[in-house]
Structure formats: C-alpha cells, structure tokens
Amino acid sequence: MNYWLMKSEPEAFGIDDLQQMPEQTEHWDGVRNYQARNMMRDDMKIGDLAFFYHSNCAEPGIVGIMEVVKEGYPDFTAFDPNSKYFDAKSVGDKPRWFMVDIRYVRHLKRPIALKELKEYPQLDGMQILRKGNRLSITPVSKEHWDFIVGLENA
DNA sequence: GCCAACGTTGGC
DNA sequence: GCCAACGTTGGC
C-alpha cells in the first residue's frame, strides 16, 4: 500500500467540494503532466491513501485524507473539445492522459500548513517541500505519512 | 539533439 | 502582482 499527496486549488476544487460529491467520490481529472500521469496510470492502487493539499491559496497546506477507489483510466476531459482540458492529441485508442477516482476519507483535525511542514527536520526530503516543486501528485513515504498524521493532535 | 522562447505553477 | 522553477515547443 502506497501513500500520495495530491494538490488542488480550493477555489477550483477543494476538500469540501469532494466531501459534497455523490458518494464523496470524484475523478481526478485535468492532470496534464507526464510524471503525474504515469503515477496515476501505473502506480496508484485501490486502497492507497492520499493527502488532499490545497495549493495557490491563502494558507497552502494539507487539509485531509482521501482514498483511491478506481485505478488509472483515460481522462475523458481530454476528448471533449468544450473542456478546458481538451487535448487533440489524446484520442480514443491512444489516450494520452489518465486519471484515478478518489473518495473523501476525512479532514485532518486541523489543517497543517506548508509553513509548518517546513519546520520539521523529520520531513526533510519530502517532495512537496523541495524548492520549485510543481508536481501536482507526489509519493509520500510511510514515515512522512505517519509523522504528518501524528501532527494532528499536536 | 540542442537550446531559446514561452507558458504554467504556486509560494509569497 | 511578482517571480523562480520547471516543462514543453519548435527552429535549426
């Protein structure tokens, strides 16, 4: 079982939006980066857990936990000319972009801000903390996962 | 295959 | 709004 961190801008789609979806489940569409695509297509498995990270907002940080409930399949927004994620180079038999479905698990008892995450030497090397990191999906080690979940009660 | 130009991400 | 970091594109 693996752990992940997935970014989303709360103004576009935040954890509260996920919680309000039917069955608290949504497809993670619109990822247009090959590294992130590969992780969704190849590596993310049913039952894996992921942090929901709010980016590009007043208080960027980890706000909750979600679970992979459907493994990689073609991102259909790439096929839709009316979608802002349309990609003419992604066609039916050779889809270029993939997504997974994720289900809301819970909010953290308190949001843990990026600013706070940076304070802990225990989290050195975590990908989200690297300068210039822009990848919207990153793997999280079990050690880092457990440490961060442990911060909830601090 | 190199690399400059350009676009996007995302913290601040 | 600024800007650093990085990915992609396209000319050569």
Side-chain angles (χ1 to χ4, degrees), chain A residues 2-21 26-44 48-68 71-102 104-141 143-145 147-152 154:
Chain A
N2 290 308
Y3 300 93
W4 308 91
L5 180 145
M6 302 169 83
K7 295 182 190 171
S8 184
E9 302 188 10
E11 281 206 14
F13 185 78
I15 190 167
D16 295 338
D17 298 310
L18 176 61
Q19 189 177 13
Q20 284 159 29
M21 296 303 293
E26 181 60 304
H27 44 266
W28 203 260
D29 62 13
V31 173
R32 297 291 178 268
N33 169 283
Y34 288 104
Q35 270 182 272
R37 187 273 315 262
N38 292 347
M39 287 187 268
M40 289 200 291
R41 189 188 57 188
D42 305 330
D43 302 329
M44 298 181 76
D48 283 1
L49 296 177
F51 285 131
F52 199 127
Y53 178 93
H54 280 174
S55 68
N56 222 349
C57 55
E59 184 89 321
I62 294 171
V63 293
I65 294 175
M66 51 198 176
E67 176 187 5
V68 177
E71 296 176 7
Y73 64 106
D75 181 342
F76 51 74
T77 63
F79 305 141
D80 176 4
N82 296 318
S83 168
K84 67 171 176 169
Y85 299 124
F86 176 65
D87 181 350
K89 290 175 181 156
S90 187
V91 288
D93 57 335
K94 282 202 123 189
R96 174 174 294 198
W97 303 113
F98 285 73
M99 59 189 177
V100 297
D101 285 0
I102 42 89
Y104 172 85
V105 174
R106 64 182 182 86
H107 283 67
L108 293 186
K109 292 176 196 160
R110 61 181 186 97
I112 300 176
L114 175 63
K115 190 174 37 155
E116 178 177 347
L117 294 172
K118 287 177 171 170
E119 294 172 3
Y120 301 109
Q122 291 92 330
L123 297 178
D124 279 357
M126 193 178 172
Q127 230 167 314
I128 190 77
L129 301 179
R130 287 210 204 119
K131 196 179 174 189
N133 160 69
R134 296 188 314 168
L135 203 51
S136 64
I137 301 178
T138 49
V140 176
S141 72
E143 289 71 27
H144 289 165
W145 179 277
F147 180 79
I148 291 167
V149 172
L151 292 174
E152 271 186 302

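Numbered from 1 within each chain, the chains take letters A, B, ... in sequence-line order.
Residue contacts for A:Lys115: at a heavy-atom cut-off of 4.0 Å it reaches no nucleic acid atom on any strand shown. A:Glu59 comes within 4.0 angstrom of no nucleic acid atom, judged by non-hydrogen atoms across all strands.
Checked for salt-bridge contact, A:Asp75 and A:Arg32 meet the test: a charged N lies under 4.0 Å from a carboxylate O.
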List, one per line, each side-chain donor-acceptor pair under 3.5 Å for residues 118-138 of chain A, sequence neighbours excluded.
residue, atom, partner, partner atom, Å
A:Tyr120, OH, A:Glu116, OE2, 2.5
A:Asn133, OD1, A:Leu135, N, 3.3

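Reading DNA chain C from its 5' end, the first and the last nucleotide to sit under 4.0 Å from a heavy atom of chain A are C:dA5 to C:dT8.
Listed here is the closest heavy atom pair of A:Pro74 and A:Met99: O-CE, 3.6 Å.
Nearest-nucleotide positions on DNA chain C for A:Asn56 and A:Asn133 put A:Asn56 closer to the 5' end.
A distance of 6.0 Å or more separates the ring centres of A:Trp97 and A:Tyr73.
The aromatic rings of A:Phe13 and A:Trp28 stand perpendicular to each other, their planes meeting at an angle above 60°, with 30° marking the opposite boundary.
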